[in-house]
Amino acid sequence: MTELLEEISQQPAALAGLRKYYSSPGAIPAKALRRLVPHWPPTVVFTGMGSSLFAAYPAQAYLTAQGVRALVWETAELVHHHLKILRPDTLLVVVSQSGETAEVLRLLEKLPPKTRVLAVTNVEASPLVKKAALLLPMMAGGQVAVSTKSYTCSVAVLMYLAFAIAGTPPRSLTQQVLRAVEAGENILERHEVLIPPLVEFFDQPPYVSLMARGADLSTVFQGALMLKEVVRLAAEPTSAAQFRHGPIEIIKPSHRYILIARQGRTGKLLLKLARDISQLGGRVLLFSDFPAQDLTNVRVVPVEPLRLGLGTLVDSIYIQLLAHDVALRAGLVPGKFENAENVTREE
């Protein structure tokens with residue numbers, strides 16, 4: 001078993017442990033949370049780089065649906081171009097697996113004096129934790145390959161935080177995380193049955209476009225990063241709506257299109273886009289919890305119905321396994337960095 005596959009396989013157990021911890025009363029202390037800002041509810045700014053950034057989309061979607069202003073901002077852009085957005089009534093949530101990437105360290109140096117930091121990290125002795133007013137441990141365990149466990153754990157922690165900010169009891173969230181754990185275990189147990197047909201359909205395309213809307217944008221951004229890191233593919237994440245504004249012109253049979261079409265406000269629009277791409281000759285890998293679709297040039301992957309925008313906890317495992325097996329077929333060592341490092345120390 002490769003190191004990457006081992007870490008992919010550890011995700012259900014990591015999520016199960018996280019679920020047990022954060023569903024306990026006081027895991028996110030309400031009084032300490034409210035003391036971070038003078039006015040409640042705050043403006044929430046989630047920031048991170050790479051998978052730490054993408055993990056915030058479901059929490060942002062949940063909070064905005066509750067009427068809480070929430071933004072997702074890349075740390076490098078925030079620190080150099082938008083720092084004045086941070087005010088005393090801003091709750092700054094910094095997400096970083098290591099707690100010491102170059103951008104996070106620069107942000108900690110330049111923070112306005114009254115800005116209070118809430119840290120979500122996997123390393124409790126990191127510079128980020130030393131600067132933070134409140135720590136929410138990521139609980140992903142050791143990670144040596146590209147981000148898998150740290151991504152899924154970040155998604156779950158940030159959702160527990162979103163529930164705490166909104167003042168919503170976490171029972172429904174805990175139930176959905178449990179469903180994700182069970183679905184992930186099932187996918188991993190059936191890896192050798194489920195993934196080879198996807199690898200055959202996917203093949204070795206020169207270009208991949210990943211598309212979704214809403215909270216599922218987390219999956220396409222993380223999935224594109226995974227395909228770049230693991231398979232060295234030109235993978236582009238985009239909003240499915242934006243794809244119709246120009247990118248649709250480059251559809252080719254040699255390209256692959258990964259769409260996430262889950263039931264909800266825009267799910268049917270994504271199904272229609274999958275159909276349109278297939279009719280134009282594109283080959284689509286469609287992750288969907290809709291009833292079975294019979295479409296030409298489309299490989300449908302039925303996925304576990306999950307509410308609260310948590311589909312990424314399951315869909316990402318499929319994409320991780322796909323990337324792993326496509327890399328093996330290409331003669332690559334899955335998850336081994338050649339030009340980058342686990343901790344990015346230069347901007």
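What you see below is based on every heavy atom in this structure, not just the backbone, and it leaves out hydrogens, waters and symmetry mates. Fair warning: this is a prediction, and the values are worked out from it, not measured in the lab.
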Would you kindly say whether Q320 and T148 are connected by a side-chain donor-acceptor distance under 3.5 Å? no
Measuring from E229:CD to Q222:CD, what's the distance to the nearest 0.5 Å? 7.5 Å
Tell me, yes or no, whether the heavy-atom count around R87 atom CZ, taken from other residues, nucleotides or ligands under 6.0 Å, exceeds 12. no
Closest heavy-atom contact between L158 and A56? CD1-CA, 3.7 Å
Would you confirm whether R256, through its side chain, and F201, through its main-chain N or O, come within 3.5 Å as a donor-acceptor pair? yes
Between I251 and G281, which heavy-atom pair has the shortest distance, and what is it? CG2-C, 4.4 Å
Once side-chain contact (heavy atoms from CB on, under 4.5 Å) is applied, do any residues pair with N297, and if so which ones, sequence neighbours excluded? S278
Can you list the residues that meet the side chain to side chain donor-acceptor pair (under 3.5 Å) rule with T47, with sequence neighbours excluded? T75
Not counting sequence neighbours, which residues clear ring pair (Phe, Tyr, Trp, His ring centres under 6.0 Å) with F46? List them please. none
Side chain to side chain contact (heavy atoms under 4.5 Å, CB included), paired with L92, selected from V44, I85, L78: L78
Near Q263 CD, under 6.0 Å, is it more than 12 heavy atoms from other residues, nucleotides or ligands? yes
Going by side-chain contact (heavy atoms from CB on, under 4.5 Å), name the residues that satisfy it together with L53, two or more places apart in sequence or in a different chain. V72, E74
Has H191 got a side-chain atom pairing as donor or acceptor with L321's backbone, closer than 3.5 angstrom? no
Distance, nearest 0.5 Å, that separates CE of M159 from CG of L18: 12.5 Å
Rounded to the nearest 0.5 Å, how far apart are CD of Q97 and CG of N122? 4.5 Å
Flag the pair D315 and R262 as a salt bridge only when some basic side-chain nitrogen lies within less than 4.0 angstrom of an acidic carboxylate oxygen. yes
S154: side-chain contact (heavy atoms from CB on, under 4.5 Å) partners, not counting sequence neighbours: A55, V95, M138
Is there a continuous path of hydrophobic side-chain contacts, each under 4.5 Å between heavy atoms, that joins I195 to L233? yes
Do F243 and Y57 sit in the same hydrophobic cluster, where Ile, Leu, Val, Met, Phe, Trp and Tyr count as joined when their side-chain heavy atoms come under 4.5 Å apart? no
Check: S51/S147 side-chain N/O donor and acceptor closer than 3.5 Å: yes
Looking at CD1 of I258 and CG of L285, how far apart are the two atoms once the value is rounded to the nearest 0.5 Å? 5.5 Å
Using atom types as modelled and distance alone, determine if a side-chain donor or acceptor of Q11 lies under 3.5 Å from a backbone N or O of I8. yes
Tell me whether D89 contacts the main-chain N or O of H39 through its side chain, where contact means a donor paired with an acceptor under 3.5 Å. no
The criterion is side-chain contact (heavy atoms from CB on, under 4.5 Å); which residues satisfy it with P12, sequence neighbours excluded? V181, E185, L188
Look only at the side chain of K149 and the backbone of A140, and say whether a donor-acceptor pair between them is shorter than 3.5 Å. yes
Would R329 and E200 count as a salt bridge (charged side-chain N to carboxylate O under 4.0 Å, His left out) here? Give the steps. CA-CA 10 Å; R329 173 180 280 200; E200 290 296 328; 2.3 Å; yes
